[in-house]
Protein chains: 2
Amino acid sequence: MHTFWRKGYHATSMQDLVDAMGINRASLYDTFGGKKALFEQAFELYRKTNAQGLQRFLEQQESVRVGLRQLFAMAIEETQSEAGQRGCFVVNVTTELLPDDRSMEGLIRANKEAFTAVFHRFLEQGVASGELSADQDLQAAANLFFTLYNGVKVVGKIPGQEKALMGAVEAALGALR
Amino acid sequence: MHTFWRKGYHATSMQDLVDAMGINRASLYDTFGGKKALFEQAFELYRKTNAQGLQRFLEQQESVRVGLRQLFAMAIEETQSEAGQRGCFVVNVTTELLPDDRSMEGLIRANKEAFTAVFHRFLEQGVASGELSADQDLQAAANLFFTLYNGVKVVGKIPGQEKALMGAVEAALGALR
DNA sequence: CCTAAAACGGAACGATAATTCCAAAATGGG
DNA sequence: CCCATTTTGGAATTATCGTTCCGTTTTAGG
């Protein structure tokens, strides 16, 4: 999974995967069926792990602003680390395979919807707790944070953008009333 | 250029390029030197064209909010068109080639800096004209709009996201005071 | 018109790619 | 321990890949 994440689908060879997984080439085919099937399974594992991680993180937050700030701070800090320079697997797949490979489109859309739903519920909690005002479009805000998250994972691939990205996040938080 | 833009670097074969450009394979090598060199030239042409287009567009805008709204509306509408589903060449290259291919990093960074500078000057004009309040971090706002633009170009690869993306943009505009 | 240069069509070259094959080795359960 | 199953190491298969080659055709300038 990490190899696909880092190099993308096309630039990852089966030998790369054999090396990374430490199993024999024939076993790899026996177990997974082929490059594409393996890719899809890796993608689905990543997507599920990611969405659950986000959900769990936000469940533990008491303040919407603080929670979102921390979420983005972690994401941004991660982009500056060795492993985090891979960016977001979903984002990488989106830009690499769409629009030509329609087979991934449904999964990518499902991921988007799951993420914005998590953001949306989190913002609703902010309204219920009185932190946020009820007179704003929470759906739009959820879409803003999801889209911004995608942007962060792209721009964060450029080394040295921590401060600029964190500024962008602070500006976006300013949109919450 | 369009082929690299759509398929990415690794998935584009020289035969794809021969077909797209309609010249002989040997001439292609004679003229450009090789796949990588051709890619870099295509990228630089795109980057320059794009940055100049953005500059020219914003120069004609009298209102910051209206100008940014239109800019993003156009970008979002474009993602729903056939040609626009390619997304943004720079974004695609960033996610495909970083972090492994460091040779593109300088160009990608330069592009980021050019774009945020254009946004920043535009916001400054808004302050000078009285539309925007001077007591906000214009650099952070410029970074927000640049990062959001990147996010739009990713999420916009999923068909049917026009409304959601436009909502995200409206939410982000709400951050301007 | 002539001729040098450029472009062409087609193929060769060596490497890489995904997938399959097979005898041998390793594993795990009875 | 035995044996069936799984995994292995190594290679083969077929196709594609980026690059180069070369005789022929086309082009453009004098």
Side-chain angles (χ1 to χ4, degrees), chain A residues 1-47 85-87 89-108, chain B residues 1-47 85-87 89-108:
Chain A
M1 171 171 107
H2 296 281
T3 310
F4 275 132
W5 187 350
R6 182 180 190 95
K7 302 182 87 167
Y9 179 74
H10 290 295
T12 300
S13 68
M14 291 310 290
Q15 188 57 47
D16 290 334
L17 296 169
V18 168
D19 294 341
M21 298 177 84
I23 65 171
N24 181 269
R25 183 184 292 267
S27 305
L28 212 152
Y29 279 94
D30 285 346
T31 306
F32 296 103
K35 184 178 180 181
K36 190 65 190 287
L38 179 57
F39 180 77
E40 282 166 355
Q41 288 180 53
F43 183 77
E44 192 56 23
L45 173 66
Y46 174 89
R47 193 174 78 76
Q85 287 178 340
R86 294 172 298 193
F89 194 9
V90 177
V91 170
N92 296 345
V93 168
T94 304
T95 55
E96 186 189 352
L97 298 186
L98 291 185
D100 283 355
D101 188 347
R102 292 284 178 199
S103 68
M104 299 302 297
E105 190 181 296
L107 290 181
I108 290 166
Chain B
M1 175 171 102
H2 295 280
T3 311
F4 276 131
W5 184 353
R6 183 182 189 95
K7 304 182 84 168
Y9 179 74
H10 290 293
T12 298
S13 69
M14 291 309 289
Q15 188 57 45
D16 290 333
L17 296 170
V18 168
D19 294 342
M21 297 176 84
I23 66 170
N24 181 268
R25 181 183 289 266
S27 305
L28 212 151
Y29 279 94
D30 284 346
T31 305
F32 297 103
K35 184 179 180 181
K36 190 64 189 288
L38 179 57
F39 181 78
E40 281 166 357
Q41 289 181 53
F43 184 76
E44 193 56 23
L45 173 66
Y46 174 91
R47 194 176 76 77
Q85 287 180 341
R86 295 172 298 193
F89 193 9
V90 177
V91 171
N92 297 344
V93 168
T94 305
T95 55
E96 186 189 352
L97 298 185
L98 292 185
D100 283 355
D101 187 347
R102 293 284 179 198
S103 69
M104 299 302 299
E105 189 180 299
L107 290 181
I108 292 166

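Excluded from the calculations below are hydrogen atoms, water molecules and symmetry mates; all remaining heavy atoms, backbone and side chain alike, are included. Each chain gets a letter, A, B and so on, in the order its sequence line appears, and its residues count up from 1.
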Checklist entry - Are A/R6 and A/D16 ion-paired here, with the side-chain N under 4.0 Å from a carboxylate O? => result no

Next on the checklist: Would you call the rings of A/Y9 and A/F39 parallel, tilted or perpendicular, taking 30° and 60° as the class edges?
Outcome noted: perpendicular

Whether [X] side chain and [Y] backbone form a donor-acceptor pair below 3.5 Å:
X     : Y      : value
B/K7  : A/D100 : no
B/T31 : B/L28  : no
B/E44 : B/L107 : no

Next on the checklist: Tell me which residues in residues 4-15 of chain A lie within less than 4.0 Å of DNA chain D, going by non-hydrogen atoms.
Outcome noted: none

Item to check | Interface residues of residues 17-36 of chain B with DNA chain D (non-hydrogen, below 4.0 angstrom) | outcome: B/R25, B/A26, B/Y29, B/G34, B/K35

Next on the checklist: To check you understand the geometry: which heavy-atom pair defines the closest contact between A/F32 and A/A37, and what is its length?
Outcome noted: O-CB, 3.2 Å

Next on the checklist: For the NZ atom of A/K35 and the NE2 atom of A/H10, what is their distance to the nearest 0.5 Å?
Outcome noted: 7.5 Å

